[in-house]
Amino acid sequence: MAVKENDNKEIVEMIREGLKKSGGYCPCRREKNPENKCICEEFRRQIADPDFEGFCHCMLYYKSKD
């Protein structure tokens with residue numbers, strides 16, 4: 001399993017800017033609660049799933065199976 005940033009630097013820059021403005025909360029979510037603090041609860045659960053491969057909700061991170 002490997003987690004890495006999106007290869008698309010424009011998306012990474014846009015999301016990182018949104019994280020700065022939101023105090024570290026996922027800029028793609030309306031609610032500012034502990035579950036939405038980057039890396040969000042949803043993606044942490046997906047990372048733990050050995051069968052999951054794909055991007056987090058905001059597409060900042062990608063988890064591969066290898």
Side-chain angles (χ1 to χ4, degrees):
M1 171 201 70
V3 175
K4 65 176 190 153
E5 277 191 348
N6 190 329
D7 290 334
N8 185 324
K9 298 305 174 195
E10 285 183 41
I11 289 176
V12 170
E13 186 177 315
M14 181 177 63
I15 298 300
R16 291 254 177 241
E17 193 61 36
L19 286 167
K20 285 180 195 173
K21 290 178 181 178
S22 69
Y25 293 93
C26 180
C28 302
R29 306 273 187 183
R30 298 194 102 174
E31 304 84 20
K32 289 188 179 181
N33 56 43
E35 293 83 21
N36 293 337
K37 193 84 163 178
C38 190
I39 291 177
C40 69
E41 173 85 21
E42 177 185 26
F43 195 55
R44 287 192 302 259
R45 283 193 308 270
Q46 290 171 327
I47 289 169
D49 178 355
D51 294 324
F52 176 80
E53 181 168 12
F55 286 101
C56 67
H57 180 79
C58 68
M59 298 194 58
L60 178 61
Y61 293 108
Y62 183 83
K63 183 218 171 193
S64 62
K65 289 184 183 181
D66 36 305

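As the structure is a computational prediction, the values presented were derived from the model and not from experiment.
Asn6 is linked by a side-chain contact (heavy atoms from CB on, under 4.5 Å) to Asn8, Ile11, Val12, Phe55, Met59, counting only residues two or more places apart in sequence or in another chain. With sequence neighbours excluded, the residues forming a side-chain hydrogen bond (donor to acceptor under 3.5 Å, both in side chains) with Tyr61 are Arg16, listed by chain and number. Qualifying side-chain contact (heavy atoms from CB on, under 4.5 Å) partners for Asp49, counting only residues two or more places apart in sequence or in other chains: Asp51, Phe52. In terms of the salt bridge (Lys or Arg N to Asp or Glu O under 4.0 Å) criterion, Arg30 has no residue partners (sequence neighbours excluded). Among residues two or more places apart in sequence or in another chain, the salt bridge (Lys or Arg N to Asp or Glu O under 4.0 Å) test is passed with Glu42 by Arg29.
Cluster annotation: Ile47 is connected to Leu19 through the hydrophobic network of ILVMFWY side chains, with a link wherever side-chain heavy atoms come within less than 4.5 Å.
Side-chain contact between Pro50 and Lys65 is absent, with no heavy atoms from C-beta onward closer than 4.5 Å.
We find the CG-NZ distance between Leu60 and Lys4 to be 12.5 Å, quoted to the nearest 0.5 Å. Between the SG atom in Cys26 and the CD1 atom in Ile15 there is a gap of 7.0 Å [rounded to 0.5 Å].
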Going by atom type alone, with no hydrogens or angles, which donor-acceptor pairs under 3.5 Å involve a side-chain atom of residues 34-41 and a protein atom two or more places apart or on another chain?
{"residue": "Asn36", "atom": "ND2", "partner": "Glu31", "partner atom": "O", "Å": "3.0"}
{"residue": "Asn36", "atom": "ND2", "partner": "Asn33", "partner atom": "OD1", "Å": "3.4"}
{"residue": "Lys37", "atom": "NZ", "partner": "Gly23", "partner atom": "O", "Å": "2.7"}
{"residue": "Glu41", "atom": "OE1", "partner": "Arg44", "partner atom": "NH2", "Å": "2.9"}

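Surrounding NZ of Lys9 are more than 12 heavy atoms belonging to other residues, nucleotides or ligands, all under 6.0 Å away.
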* Asked: Would Tyr62 and Asp7 count as a side chain to side chain contact (heavy atoms under 4.5 Å, CB included) if you check the C-alpha gap in whole Å, the side-chain angles of each, and the deciding distance to 0.1 Å?
  -> CA-CA 9 Å; Tyr62 183 83; Asp7 290 334; over 6 Å; no
